[in-house]
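First up is the structure itself, then whatever we jot down about it.
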Number of protein chains: 2
Amino acid sequence: MLLLKDLPSTNSLLKLVARYPDADVNAIQEFATILSVTSDLSVALDKLLNDHGLMQGRWWILVLLLREDNLTSSPSALAEKIGVTKATMTGFIDGLQREGLVSRLTHDEDGRKLQIKLTSLGEEKLDEVVPDYYRKVGALMSVLTEAQRATIIETMKILGTNIDAMK
Amino acid sequence: MLLLKDLPSTNSLLKLVARYPDADVNAIQEFATILSVTSDLSVALDKLLNDHGLMQGRWWILVLLLREDNLTSSPSALAEKIGVTKATMTGFIDGLQREGLVSRLTHDEDGRKLQIKLTSLGEEKLDEVVPDYYRKVGALMSVLTEAQRATIIETMKILGTNIDAMK
DNA sequence: CCCCTATAGTTAGGGCCCAAACAAGATTAT
DNA sequence: ATAATCTTGTTTGGGCCCTAACTATAGGGG
């Protein structure tokens, strides 16, 4: 996603307001703060996964496959759930297959479809990474009180349902 | 950043807990929600910028340059502030220069350094995009009350200062 | 049966982003 | 003054992610 380590100071924002008078300085600063913090969260997650030789795209595929009854799903379904295009999913599966974490199986009834199956090596990888992931996410969130956690989720969901306001 | 349109249902999380008993299900679900919503925010910002032929990396460079007194900064300083590597910055500047929005000037005293300067075309581009950006970010944030805005920022900052908990 | 359309997956080409290796100029130590 | 070191910026090669165009299979209507 993005970045911006150096959040705009109020002073430099005032300069921008002088140039663009209609700006809601607080809103901009708040928006930038949210993006900046979550960018850092995403980077921290990347590091965690990287320690296990994974990256976010590949990670979510493994987790989704583990949820399936027979550890199997289709590229299209995975792409839909993760929110990437089918083309991107092809690349992810290429990488996972290269490392032996998933396998491509043909579909018996529909010649167009593939079945992506978590291999036993993939299961082992999850058994290695998931506890670490759970422990660290738990540690992160534990710095917030129950009330703070409930409130931030509620507020984020409100923001999420109003993203159309940016269109 | 990442994705995950299809947030883990509590049911499928229970299956994970059966496999990994120590997991804090709430923490995981909350973490995923935060990442998911901000991913959507980032996508919305991408769209906004894309309407003006920009992308996030290039956008922040222009904004940072506008803040400078003489509309000038160095690649290293820009990379530092935005939070990308110098190599990435080289690519960004290549693109912006190709489009005539910034120019590379040599540094008088230090032969290693460059001065990246916002061109008049770059200023015109900002005058076109910034008001739109401000208006839409303002519209997004306006769906929250003052109290909600204050609280989410405070909570985000707490999370941000405790990212080391994930290490 | 054949054509038309829809769906599943891949390929090609581009921008984003990084780490590692590099070139050139500046600084410091001896 | 010269060698070692640091800093600045670029290049190279890789994974991520998209859109557009493509291939192959499936399904429906004539």
Side-chain angles (χ1 to χ4, degrees), chain A residues 1-5 39-40 42-47 49-61 72-99 101-116, chain B residues 1-5 39-40 42-47 49-61 72-99 101-116:
Chain A
M1 69 176 287
L2 79 348
L3 6 262
L4 207 56
K5 283 257 166 300
S39 172
D40 290 344
S42 187
V43 168
L45 177 56
D46 285 338
K47 271 207 188 76
L49 295 177
N50 195 46
D51 289 344
H52 299 283
L54 287 175
M55 275 161 277
Q56 287 197 42
R58 299 179 184 186
W59 158 250
W60 292 118
I61 293 171
T72 300
S73 185
S74 73
S76 287
L78 291 170
E80 172 76 17
K81 286 178 183 170
I82 294 184
V84 299
T85 63
K86 291 182 299 171
T88 298
M89 186 53 56
T90 296
F92 284 165
I93 293 170
D94 285 347
L96 287 170
Q97 190 177 30
R98 207 180 308 126
E99 293 160 23
L101 303 178
V102 305
S103 53
R104 277 185 169 94
L105 307 175
T106 58
H107 194 284
D108 302 328
E109 293 147 23
D110 191 331
R112 296 167 302 180
K113 292 184 181 170
L114 288 180
Q115 294 177 282
I116 307 302
Chain B
M1 69 177 287
L2 79 352
L3 5 263
L4 207 56
K5 283 259 167 300
S39 171
D40 290 344
S42 185
V43 167
L45 177 55
D46 284 339
K47 273 208 186 78
L49 295 176
N50 195 47
D51 289 345
H52 299 283
L54 287 174
M55 276 160 278
Q56 287 196 42
R58 301 180 183 183
W59 159 249
W60 292 119
I61 294 172
T72 300
S73 185
S74 74
S76 286
L78 291 171
E80 173 77 16
K81 287 177 182 170
I82 294 186
V84 298
T85 63
K86 291 182 299 170
T88 298
M89 186 53 56
T90 296
F92 285 166
I93 292 170
D94 285 346
L96 287 169
Q97 190 178 30
R98 207 180 309 126
E99 293 161 22
L101 303 177
V102 306
S103 54
R104 276 184 170 93
L105 306 175
T106 59
H107 194 284
D108 302 329
E109 294 146 23
D110 192 330
R112 296 168 302 179
K113 293 184 181 170
L114 288 180
Q115 295 177 281
I116 306 302

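Chain naming here is simple, since letters A, B, ... match the order of the sequence lines and numbering starts at 1 in each.
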Protein-nucleotide distance (B:Q56, atom CD; C:dC16, atom C1'), rounded to Å:
11 Å
Let me know which of B:V102, B:L96, B:L101, B:I93 forms a side-chain contact (heavy atoms from CB on, under 4.5 Å) with B:R58.
B:L96
Nearest to the B:T85 side chain among C:dG15, C:dC18, D:dC16, which nucleotide is it?
C:dC18
Could you list the residues that satisfy side chain to side chain donor-acceptor pair (under 3.5 Å) with B:Q115, not counting sequence neighbours?
none
Side chain to side chain donor-acceptor pair (under 3.5 Å) filter on A:N50, not counting sequence neighbours, yields none
Distances under 3.5 Å between protein N/O atoms and the N/O atoms of nucleotides 21-25 of chain C, please, pair by pair.
| residue | atom | partner | partner atom | Å |
| --- | --- | --- | --- | --- |
| C:dG25 | O3' | B:G111 | N | 3.4 |
| C:dG25 | N2 | B:R112 | NH1 | 2.9 |

State which residues pass side chain to side chain donor-acceptor pair (under 3.5 Å) with A:D46; sequence neighbours excluded, sorted by chain then number.
A:Q56
May I ask you to decide if B:L54's main-chain N or O and B:H52's side chain share a donor-acceptor pair within less than 3.5 Å?
no
Drop me the distance from A:S74's OG to A:R112's CZ, to the nearest 0.5 angstrom.
11.5 Å
Would you kindly give the CH2-to-P distance between B:W60 and C:dC16, to the nearest whole Å?
15 Å
Is B:S76 touching bases, backbone alone, or none of the nucleic acid, heavy atoms closer than 4.0 Å?
sugar-phosphate
For nucleotides 10-13 of chain C, which of its nitrogen or oxygen atoms have a protein nitrogen or oxygen under 3.5 Å away, and what is each distance?
| residue | atom | partner | partner atom | Å |
| --- | --- | --- | --- | --- |
| C:dT10 | OP1 | A:R104 | NE | 2.9 |
| C:dT10 | OP1 | A:R104 | NH2 | 3.1 |
| C:dT10 | OP2 | A:T90 | OG1 | 2.8 |

Could you tell me the separation between the CE atom of A:M55 and the C1' atom of D:dC17, rounded to a whole number of Å?
13 Å
Distance, rounded to the nearest Å, where B:I61 contributes CD1 and D:dG9 contributes P:
13 Å
Rounded to whole Å, please give me the gap between CD1 in A:I116 and C1' in C:dA8.
11 Å
Grab the CZ-C1' distance between A:R98 and D:dG14 for me, whole Å please.
10 Å
Measure the shortest side-chain to side-chain distance between B:L78 and B:I116 over non-hydrogen atoms and say whether it is less than 4.5 angstrom.
yes
Tell me: CG of A:L54 to C1' of D:dC16, nearest whole Å?
14 Å
Check the distance between D:dC18's C1' and B:K47's NZ and give it to me in whole angstrom.
12 Å
Ion pair A:R104/A:D94, N-O distance below 4.0 Å
yes
Report, one line per pair, each donor and acceptor closer than 3.5 Å where one atom sits in a side chain of residues 82-89 of chain B; sequence neighbours left out.
| residue | atom | partner | partner atom | Å |
| --- | --- | --- | --- | --- |
| B:T85 | OG1 | B:T88 | N | 3.2 |
| B:T85 | OG1 | B:T88 | OG1 | 3.0 |

